[in-house]
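Read through the structure below, which is laid out as structure tokens, and then see the notes.
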Amino acid sequence: MLRFSVVKLSELKPGESAVIEHIGDESLSAKLFEMGCLPGEPVKLKFIAPFGDPIAIKVAGYTLVMRLSEANIVDIRKL
Amino acid sequence: MTGLSQKTGNFPGTTVESHKGTVTIDGETSAEIIDLPGTYSLYPKSDDERVAVAALMKADKPDCAVVVADASNLKRSLLLCTEIIDLGLPTVLALNMIDIAHKKGLEIDILLLSEQLGIQVIPVNARKRSGIDDLKLAMKVAKPAAKPFYKVPAAIMQFLDELKPVIDGPNNYARLIQAHQVSQASHSKQNIHGIFEKYHFDSGHLQQRETVERFRHIDFVLVDCLSRNTHPEFDKATTFADKILTHKYWGFLIFFGILFTLFQSIFNIAQVPMQLLETAFENLQGVMHESMAAGWANDLLADGVVAGLGGVIVFLPQIIILFAFITILEDSGYMARVSFIMDRMMRSFGMNGRSVVPLIGGMACAVPSIMATRTIENTRDRLITIMVIPLMSCSARLPVYTLLIGLIAPEEYIFGFIGVQGLLLFLMYLVGFVSAMLSAFVFKLILKSKGKNHFVMELPIYKWPSGRNLWYSVFERSKTFVLQAGYIIVAVSVILWYLGSHGPGNAMQDIDKKYSSIDANADPQIAAQQKQTEKLEASYAGRFGQFIEPVIRPLGFDWKIGIALLSSFVAREVFVGTMNTLYSIGNDGQTVQEQLRNRYTPVTALSLMFFYAFALQCTSTIAVVYRETKSWKWPAIQLVFMTALAWLSSFAIYQLGK
């Protein structure tokens, strides 16, 4: 059986991959959904800005930037 | 597509308003093309996106919509495309950047995609201008898709039917989108809200559901139309560049280095063409003085118009370098990385990463940069950015700085390659930046943030700036600078020339009489110079300058600078033209800079430079701030605080350095 754990996107380390599970906030999910960040979509943390915030992720074949406060509302499933 | 010269950039937000152009489709048909700001969907989140969606929804909507999609990022581009199809508009999908998609290892089956979407799909290459003729033909024959891509859920059909009398629209989906917009607006008709409440209309929830549905369907379509071969080299190069440009130390160091190089080259590279232009204008002035009959027309043209205009045109080489640099930074995709690394810092000052591009653009001109703040979703962050952009030293200050730096610093080099004058210029721009950040911090303490504050942004892929785009944007921006400066300067020069050579009553004639009776032993050259000075002092302009002198004397300025300050409230660059005109009235063969050096101390020049760094002397900025904030309150506050800042800093510098 596959074992997985649900964590926040903000907890991902550079190079790690996961699958989006759920986005907690409605106005943020409206924004993220239309940019291709949908539940079930694989994401990978690419790099982090100099002060540890914001972060850049790879999703749906391109690079997307968001703040830690936003990544904190995104639940992900690590395989 | 129209060959229209327009600025494009490699990040969302370069186009923040619609642009129009006309194109000939074939022999007899021509069409008006409207270029709209980019948006990710028909649910706008910022003001630039609202402009785009409103244009597609209004009663006088376009005959055909062309959705330009990034082929290397097809899935996300198709969201907007399928939404527009469902509005019932004849739609054509233009697939751009197929070459980059190939590099990424993506293959698109265009025929199948066209069949699945029910519209024409045309591959184009905007850079090489290929596929444009096919696109024109496709527009001519475009029809609405036969069936909608997304079916409006049956559960809300009754709701939409009830809305029919109050919300007009060609089909159910168009009415639904309008219902969403009405629900977002702060005030709307009572009866509409009654219907919303009756059906528990939840805009956010419906929107999410629709987006998920659409992407599911798009995924389904793409399984057949899109095939992927991995090309790790492309990814590797981008990742490597990102690693360095967003690095803890290297990232900032590179950004700083780029700006430093910019100001060095503004001085060093522009030197030769500037000298050529200066000589050309001096010669022109000389030729005009000699070839035309002496008299007021001669004086007006040579001393008024040519001197004033020449004073500003000379700076064109510097302005071209500045514009070229900024265009390259925007086009390459680098500015998006700068927004990314600066976001955390900007947040401490009440702004966000998206404020960086308008702020840097403020070094060229505040007016388009203030419009570019439309991409900032948060109202407070946007307002603060608008308020501080005019503190960034713009290209109109460049001529003023250059003239004054010439009075302060020698044309020498440290270590043989770092120009002292270029260094000083860099410091002045730094002063502008630091004052903008500090003012932003003060505004942050006063203004409270309301509403959501998201920073979600796409990092575009790196591209070599296209030569054509570079040429267009530099040419257009320079043309605007020359024309705008030209009109104002010609007008101001003419008025100034009149005010500087005419006086109230018989003042002028009296001075003429006084000098004609002076005894012949006096040196005629000195006498002539004294006569000119007295005349200028007695003129309308002179009297006006003397009238305001008490206010500016503590800053180290005399009445001649006073005249220049007043005339440059229309636009800053007028200062140089005014000084040229004032010092051309009765000059004795010295260049303006030599005369200024004899007359003013370096402390006065420094004080004056700080005055120009902070003062809001630009009517266009005031107008655009009014337009973007829809209130006179903000431009008024801006004018007061910047003028106070300018006066106080000049006062401090002059009093300390005197």
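These numbers come from a predicted model, not from an experiment. Lettering of chains follows the sequences in order, A, B, ..., and the numbering in each one begins at 1.
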task: Let me know if Glu210(B) has heavy atoms under 4.5 Å from chain A in its side chain, its backbone, both or neither.
output: neither
- prompt: Between Asp25(A) and His454(B), is a side chain to side chain contact (heavy atoms under 4.5 Å, CB included) present by the stated rule, with each step listed?
  reply: CA-CA 11 Å; Asp25(A) 172 76; His454(B) 294 319; 4.1 Å; yes
message: Looking at Lys44(A), I want to see if its NZ is surrounded by more than 12 non-hydrogen atoms of other residues, nucleotides or ligands under 6.0 Å.
response: no
statement: Tightest non-hydrogen contact, residues Ala30(A) and Gln207(B), listed as CB-NE2, 3.6 Å
field: Other residues, nucleotides, ligands: >12 heavy atoms within 6.0 Å of Phe441(B) CZ
entry: no
message: Report, in residue-number order, which members of residues 248-255 of chain B are under 4.5 Å from chain A by heavy-atom distance.
response: Lys248(B), Phe252(B)
- request: Kindly give the heavy-atom pair with the smallest separation between Ile341(B) and Ala49(A), and that separation in Å.
  value: CA-CB, 4.4 Å
- prompt: Residues two or more places apart in sequence or in another chain: which of them pass side-chain hydrogen bond (donor to acceptor under 3.5 Å, both in side chains) with Thr82(B)?
  reply: Arg214(B)
- request: Using non-hydrogen atoms and a 4.5 Å limit, figure out which bit of Leu32(A) sits close to chain B: side chain, backbone, both or neither.
  value: side chain
message: Counting only non-hydrogen atoms closer than 4.5 Å, does His205(B) touch chain A with its backbone (N, CA, C, O), its side chain (CB onward), both, or neither?
response: both
field: Shortest non-hydrogen contact from Lys31(A) toward Glu377(B)
entry: NZ-OE2, 2.8 Å
task: State, yes or no, whether a side-chain contact exists between Thr239(B) and Lys58(A) at a heavy-atom distance under 4.5 Å.
output: no
task: State which residues pass ring pair (Phe, Tyr, Trp, His ring centres under 6.0 Å) with His180(B); sequence neighbours excluded, sorted by chain then number.
output: Tyr43(B), Phe201(B)
- line: Between the NZ atom in Lys46(A) and the OG1 atom in Thr246(B), the distance rounded to the nearest 0.5 Å is 10.0 Å
field: Residues from residues 60-68 of chain A approaching chain B under 4.5 Å (heavy atoms)
entry: Ala60(A), Gly61(A), Tyr62(A), Thr63(A), Leu64(A), Val65(A), Met66(A), Arg67(A)
message: Given heavy-atom pairs under 4.5 angstrom as the criterion, report whether the side chain, backbone, both or neither of Arg347(B) touches chain A.
response: side chain
field: Shortest non-hydrogen separation from Glu34(A) to Ser41(B) and the atoms involved
entry: OE1-OG, 2.7 Å
message: How close do Phe47(A) and Leu459(B) get, counting heavy atoms only, and between which atoms?
response: CZ-CD1, 3.9 Å
field: Leu79(B) portion near chain A, given a 4.5 angstrom heavy-atom threshold
entry: side chain
- prompt: Of the listed residues (Gly40(A), Cys37(A), Pro54(A)), which shares the most heavy-atom pairs with chain B below a 4.5 Å separation?
  reply: Pro54(A)
query: Which bit of Glu70(A) is near chain B, if near means a heavy-atom gap under 4.5 Å: side chain, backbone, both or neither?
result: side chain
query: Of all of Thr238(B), Asp219(B), Asp70(B), Asn73(B), which one pairs up most often with chain A through heavy atoms under 4.5 Å apart?
result: Asn73(B)
